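Remarks on the structure that follows.
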Amino acid sequence: MDIEDEITGRYDPHDLEPDVKGYWDEADAYETAKEAHADDPNLYFLDGPPYTSGQMHLGTAWNKTLKDAVIRYLRMRGHDVTDQPGYDMHGLPIEVKVEEKLGFENKSDIEEYGVENFIDECKEFANDNLDAMNDDFRSMGVWMDWDDPYKTVSKEYMEGAWWAFKRAFDRGLVERGKRVINQCPRCETAIADAEIEYDEIDSPSIYVKFPLEDEDGSLVIWTTTPWTIPANLYVAVDEDAEYAKVRATKDGDEEFLYVASECVEDVLRAGRYDDYDVRETFDGSALVGRGYEHPLVDRVPRQKELDNEEGVHEVYAADFVETDRTGLVHSAPGHGVDDFEVGQENDLPVFSPVGEDGVYTDEAGDYAGKFVRDANEGVTDDLTDGGYMLAEGTHEHRYGHCWRCDTPIVFVATDQWFITVTDVKDRLLEEIDKSEWHPQWARDSRFRDWVENARDWNVSRQRYWGIPVPIWICDEGHRTCIGTRDELQERAVGDVNVEELDLHRPDVDEVHVECADCGEPAERVVDVFDVWLDSATASWASLGYPSDEEAFDELWPADLIIEAHDQTRGWFWTQLGMGVTALDEIPYKEVVMHGHALDEDGRKMSKSVGNIVTPQEAIDRHGVDPLRCFLLSHDQHGDDMRFSWDEIEAKKRTLNVVWNTYRFPLPYMRLDGFDPDETTLEDVETTTADDWVLSRLQTVESEYAGYMEEYEIDKAQKALLDFLTEDVSRFYVQVVRPRMWEAEDSPTKNAAYATLYAVLEQSVRMLAPFAPHLAERMYENLGDVTTVHALDFPEADDALRDETLEKRMDVLREAEEAAANARQQAERKLRWPVRRIVVSTDEDDVRDALGALEPLFLDRVNSKSLEVVEEYDELVEVAEPQMGAIGPEFGEDAEKVMKAVRDEPREKVEDGVEIDGETVTLDEDMVEYTDKTPEDVEAVGFDGGTVYVDVSLDDEIRAEGYARELVRRVQEMRKELDLDVEERIRVSFDAEDDEILELAERRTDYILEETRADGIADEVDADLTEDWDVEGIRVTVGVEVLTV
RNA sequence: GGGCCAGUAGCUUAGCUAGGUUGAGCGUUCGGCUGAUAACCGGGAGGUCCUCGGUUCAAAUCCGAGCUGGCCCA
C-alpha cells in the first residue's frame, strides 16, 4: 500500500463532505460496510418511525445521528445490525394538514369531497414528506436502509396491526363501551392522551349553590366548565375532611351554606357576604347520601327524569376530592374521567348530552344546538337568574388542546373501542423489569409511574386516514375480528379479491364478511385505529409478520431502541402495551432515552417563539461532522441539550486539529515511499515517545469500548478527541517533528512513521461513528478497504500497554509545563538552550519518571542538564526591610536604609550596610529574610515538586542561541522563496554587531545542516535579501538559490 | 397541583453513585513557536458550585424546603 495523495488543503467540511458522499455512492460504500458484517450475529435495532407531517428538526437530527453512531459502532464490534428506518404515515395530524391544504373546515367537507379522494391526498402528502425526510436524514450522513424503509401504510404492515389487535381480541382484551374520552370538537373524533397539548387558558370560575332537598341550605360547588352543569348527576366529597354548615348574611337575608371548613373564609369572601358564623362542623361522610335539587332542572327536562333514578343528585365520597375551592365537587359522569369512574362504582347512569362536534344534543333541553363552550354564558346567566350563583370570575389554568388543530378538547362519554391494558397491568409492570434502560431512572421512576397510572387505551378514531378497525358486526350485534388478509379472503362475502384490495377506507368498508357466530353478513365498524397503534406494532409489523415469519423468528424481540424522553407516554408505552396484549411480552430489550434540543437560552424551540434552528442552517454554517460531534458531545441519557453556535464552531476547530495531525506526516511518508504493510511496528525500533503514544492508544481503545458498551457516546467521543488533541497533536507530533526530516533510512524516522500510522489508522476507526465523512477521507490514505465503516473495531493490545510509562510521561509533561512557565518568567525563549534545570521533589515517582525519561525531558525543555534533588539548596536568603522599625530609628535616612537593604543577601546585611559612607548595623527587628532563587534562576512549582531553570548565559549557549535565531530567519526566507525541502542554497550574514556572527560561526555545521545550505559566504548573489531584528541587533541575511 | 430530570467561570460542561483544596474546552488577555503555518502551543484573569436550612470534623456531592428551566401527567 502506498501513501498517495498529497493532502494540502485545510479541513473544510463543505468541500470534504459532498466529496465523500460522492465517493460513497460511487463505491457502494454503505452496501460494502453491511456486506462486511453480513455473517456476524444479528442485532435487531428498531428505528422509531418519525411522523411524516413535517421536516427534520434538530431533535430528529440528534435522534438519527445517535442511532447512526450506535449502529456504526455495533457493526464495528461484529454485529449484523438491522438498520431499516421507518415512517409513521397515518393519522389525524396528516388529515389536518390535508384539510388545511384543501381549505376544509369539518368532516362534512371531507364527505362531500369523497373519502377516496381524501385518502389519496393523504397518501400523497405522506409519501412526499417521506421522500423529503429521507433526503434530510441522508444529508446528516446517517447510514440506514433508505431505499427500503418500513411504512405503516403498506399492506404487510397494516396486517401486522390487525393481527396484533386480533390477538388482543381473542384474549378478551378488546372492549367496546362508553368511556369519557378526550374529544376534539373540530376534528370530531376522540383523541389519545398522547395527542393532547397543554396551554394556559382563561376559563370562567363559578361558585354555585345546589339547594339541599331536606333542609334549607345549599352545597357550594366550584367549576371552570359551566357547560357541564346541565349534565351534573352527583356531588363528591372527601369523607375524611372536615366540613362546615355556615350561616351567612347579606343585605339582611340569611342562608345556610355547606363547604369544607378550610374553605369557609375564601368562599364567603368570594360571595361578598356581610357576615357569617359556622354553625356546625362534621366529617364529609356525614354528607354522603344527602339529596339536592339540580339547579337547571327546568331548563333540561331530561334532568327531571334522571332525578327519579336511584341515587342521582346525591352526595358521594370520592378519592379525587381536594379541599381547595369548596371541597364539594360537581360531578358529571358524562364529562369527566373521575366523575365517570365514581359514577360507575355507584351504578349511576351516564348522561352526556353532547355530540362529537361539541354541540349539545336535544337531550340538553334549552341548550340544544349550542356549541358547549359558547353555552357557558347562557348557563351562568340561568344560574344567576335562578339565584344559584354565589360568585363568578375567571381562572387561568392549563387546559388540554388538540395537538394538531389547537382546539380546546372537551370530555364526553362516547362509545369507543378499548384495549383493556388495565386488565394486564401486573404483566406490564413485570415486563418492564425485563428491559434494560439507559438511564435506569427512566425505567424505574418515569416509565413505571406512567404505566402504573395508565388507563384503558381507546384505540378507535372516527376518522379516515388510518388502519381500519378490523371488526365486523352483524345485525345480531355479533363481533367478528379479522387478523389477516387470508382470513378476510376466507370470510369475505361475494366476489372480493383481497390481494388487490387497498386495506384503507373506503375500499375495505365495502367488504362484508360472514359473521363468525351466526354466519350472517356483517359490516365493518367505521372507525380507524388511533395512529399510535400503528407504531406500537412496529417490532413485528416492520418485519412483515405475520405474512413473513422468517425474519420474525430470527429477530424478534428488538434488541435496542433509541428515542427521546417524550416517548415515555408514546412509543415506549404503546409498544409495551401492544407487545403484552398481543404476545404477552415486552417487544424490546434495551432502551436508550435521550433528551430534547433546546435553544441557546434553554427554552424549547417553537414556531411561535421563533427560536427554531434547523439542522440545515447548522450544516450550512459549519458542516455535518461538526454538527454531529456537537450533538453527540452532550449527555445522551435523558438530559436536554442546549444548542450553541459557539460549541459547533469549537467542534469544527477540534476536528481541524485532528485533520492537521493526520495531514502533517503524509508528505514525508510519501516522499520516503513509506509502506505501512512493509514497515510495521514489528519491524522498527521504537523510542520512548513512540511506546508511550502506542500505550495511550490502547488505553483509549479500551476506555472508548467501555463507554460505548453503556451507550455513553459523549464520553467515548471525549476520550478519543482528548487523546488526539492532547496526546497526539499537542505532544507526540511535537516530539517527532524533527525525526520527520532525518535522512531517508533513519530507523527512528521509520519508527515514527509506523507509530503514527498505527495511531491514525486505529483512531480513524474510532472517529468513524461520530464524524463519518472526515474519518472516511482520512482513511483513504491509510488503508485499502473500500470504506472505513466496513472495518472492525481496533481492539486494545495489552502487550503494547505500559501504565508505568503513561504515568511517568504525565510527570514529565507536568514538569515540562512548569519549566516552560519558568522560562516565560525569565523571558527566555525555548529557542535558547538553558544551562541547567534542577527539579526538587520528595516523591519517588517523580524521581523515577524524570530519571527514566531524562533524554526526552532535556529535549523537550531544551536544557543542557537535569538534576533531580530532594532539596534545592541554592536558595539565598534576602532581606525585607521592616519600615515600622527602621523609620523611627533612622528618621530621614530611613528610605536610604531601605533601599540599601532590600533584596540583599543575609550575610551582606548582617555585616552592615553602607549609608553615605558610614557603615550601619541593623537590629534584628528591622529586617526579615525570605528565600529567593539565585539570579538567573526561576522556579515554578508543579504537582510533585518544583522546577528551577537556570537561564544564565555563556558563550556556548549564546552561540547556539544565535545560530538558531539565524537558522530560523533563513527558514523563513526559504519559505518566502517557496523552496522545496531538497533545494540547496548559499547564505550570507552581515550584522551591526560582529559578536553575533562570531558566536554563530562556532555552529556553522549546524546552520548548514538545518538550512540545507552549501556554504556561508561574505557576499552572495542573493535571490532574496532581508533585514532582521535578532535580539535587538540588526542582521542582514542574503539567500542565493543554487541551481542543481 | 403531582411524578421525573437538570441548575457548577461570560458560554458549553466534568466532578455527584461511594463527602476530603471545583477540573476542562470555547471566549478573553498576555506570550511562545514558525519544515501542520489563514496552522500549532504555553501562561494569566475569570467560580456566593441556583437559594435557604439540616446532617457531619468536613457538603458542589447526602437530607429537607424553595426558585428557575425541561419532559410527562392531573
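Because the structure is predicted, anything quoted here is derived from the model rather than measured. Chain naming here is simple, since letters A, B, ... match the order of the sequence lines and numbering starts at 1 in each.
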Touch check for Thr661(A), heavy atoms < 4.0 angstrom, all strands: base, sugar-phosphate only, or nothing?
base
Given side chains that start at C-beta, do those of Val693(A) and Val728(A) come closer than 4.5 Å, heavy atoms only?
yes
Is any side-chain heavy atom of Leu66(A) closer than 4.5 Å to a side-chain heavy atom of Tyr711(A)?
no
Criterion ring pair (Phe, Tyr, Trp, His ring centres under 6.0 Å) against His565(A), the qualifying member of His637(A), His438(A), His596(A):
His596(A)
Could you work out the separation of rC26(B) and rU51(B) based on their C1' atoms and round it to a whole Å?
29 Å
Side-chain ion pair, Lys651(A) and Glu647(A), N-O less than 4.0 Å:
no
Expected rows: protein N/O vs nucleotides 25-28 of chain B N/O, under 3.5 Å:
| unit_1 | atom_1 | unit_2 | atom_2 | d |
| --- | --- | --- | --- | --- |
| rG25(B) | N2 | Glu647(A) | OE2 | 3.1 |
| rC26(B) | O3' | Arg653(A) | NH2 | 3.0 |
| rG27(B) | OP1 | Arg653(A) | NH2 | 2.9 |

Is a donor from one side chain sitting under 3.5 angstrom from an acceptor on the other, for Asn656(A) and Arg653(A)?
no
Filtered N/O pairs between nucleotides 43-47 of chain B and protein, under 3.5 Å:
| unit_1 | atom_1 | unit_2 | atom_2 | d |
| --- | --- | --- | --- | --- |
| rG43(B) | OP1 | Glu817(A) | OE1 | 2.5 |

Between Arg831(A) and rC33(B), is there a contact of a side-chain N or O with OP1 or OP2 at under 4.0 Å?
yes
Minimum side-chain heavy-atom gap Phe770(A)-Ile713(A) below 4.5 Å
yes
Can you tell me how far CD1 of Ile409(A) sits from CD of Gln183(A), rounded to the nearest 0.5 angstrom?
9.5 Å
Euclidean distance for P, rG25(B) against rA59(B) (whole angstrom)
29 Å
Taking atom C1' in both rU68(B) and rG31(B), what distance in whole Å separates the two?
41 Å
Please enumerate all protein N or O atoms sitting under 3.5 Å from an N or O of nucleotides 1-4 of chain B, with distances to 0.1 Å.
none

Mind jotting down which residue pairs meet the ring-ring contact (aromatic ring centres under 6.0 Å, His included) criterion with at least one end in residues 716-739 of chain A? Sequence neighbours excluded, please.
Trp692(A)-Phe731(A)
Give a yes/no answer on whether the side chain of Arg569(A) brings an N or O atom under 4.0 Å of OP1 or OP2 in rC72(B).
yes
His634(A) side chain near rU13(B) phosphate (N/O to OP1/OP2, under 4.0 Å)
yes
Tell me, please, which residues at least two apart from Asp444(A) pass side chain to side chain donor-acceptor pair (under 3.5 Å).
Gln440(A)
Distance check, C1' atoms only: rC57(B) and rA14(B), in whole angstrom units.
28 Å
Among residues at least two apart in sequence or on other chains, which ones pass ring-ring contact (aromatic ring centres under 6.0 Å, His included) with Trp62(A)?
His594(A)
For Val337(A), answer base if it contacts any base atom (sugar-phosphate contacts may also be present), sugar-phosphate if it contacts only those atoms, and nothing otherwise; contact means non-hydrogen atoms under 4.0 Å.
nothing
Using a heavy-atom cut-off of under 4.0 Å over every strand shown, decide if Asn656(A) touches base, sugar-phosphate, or nothing.
sugar-phosphate
My understanding is that only residues two or more places apart in sequence, or in another chain, count here; which of them pass side-chain contact (heavy atoms from CB on, under 4.5 Å) with Glu761(A)?
Tyr757(A), Arg765(A), Tyr779(A), Leu782(A), Leu791(A)
Starting at the 5' end of RNA chain B, which residue's closest nucleotide do you reach first, Gln734(A) or Thr725(A)?
Gln734(A)
Taking atom P in both rG3(B) and rU17(B), what distance in whole Å separates the two?
23 Å
Rounded to whole angstrom, note down the C1' distance from rU48(B) over to rC41(B).
35 Å
Please write out the pairs of protein N or O atoms and N or O atoms of nucleotides 62-67 of chain B separated by less than 3.5 Å, giving the distance to one decimal.
none

Can you check nucleotides 17-21 of chain B for protein contacts, nitrogen or oxygen pairs under 3.5 Å, and list what you find?
none

With C1' as the reference atom in both, quote the distance from rC16(B) to rU8(B) in angstrom, rounded to an integer.
11 Å
Are His335(A) and Thr225(A) close enough that some pair of their side-chain heavy atoms sits under 4.5 Å apart?
no
Can you see if the side chain of Arg663(A) gets near the phosphate of rU37(B) - specifically, an N or O under 4.0 Å from OP1 or OP2?
yes
State the CG-OH distance between Asn781(A) and Tyr662(A), to the nearest 0.5 angstrom.
4.0 Å
Report the residues that fulfil side chain to side chain donor-acceptor pair (under 3.5 Å) with Trp573(A), sequence neighbours left out, ordered by chain and then residue number.
none
Taking the side chain of Ser644(A) as its heavy atoms from C-beta onward, which of rC33(B), rU12(B), rC72(B) lies nearest to it?
rU12(B)
Go through rC40(B), rC73(B), rA6(B) for me and flag the one nearest to the Asp639(A) side chain.
rA6(B)
Arg984(A) CZ to Thr1011(A) OG1 distance, which is reported to the nearest 0.5 Å
8.0 Å
Please pick, from rU12(B), rC40(B), rC71(B), the nucleotide with the shortest atom-to-atom distance to any side-chain atom of Ser729(A).
rC40(B)
According to salt bridge (charged side-chain N to carboxylate O under 4.0 Å, His left out), does anything in residues 712-727 of chain A pair up with another residue at least two apart or in another chain? List the pairs.
Arg696(A)-Asp727(A), Glu712(A)-Lys715(A), Lys718(A)-Asp722(A), Glu726(A)-Arg730(A), Asp727(A)-Arg813(A)
Would you indicate what Glu972(A) reaches in the nucleic acid, counting non-hydrogen atoms under 4.0 angstrom: base, sugar-phosphate, or nothing?
sugar-phosphate
Nearest heavy atom decides the nucleotide; on that basis, is Ser633(A) or Lys718(A) closer to the 5' end of RNA chain B?
Ser633(A)
Using the C1' atom as the reference point in each nucleotide, state the distance between rA18(B) and rG32(B) in Å, no decimals.
43 Å
With sequence neighbours excluded, what pairs up with Arg446(A) under the side chain to side chain donor-acceptor pair (under 3.5 Å) test?
Thr568(A)
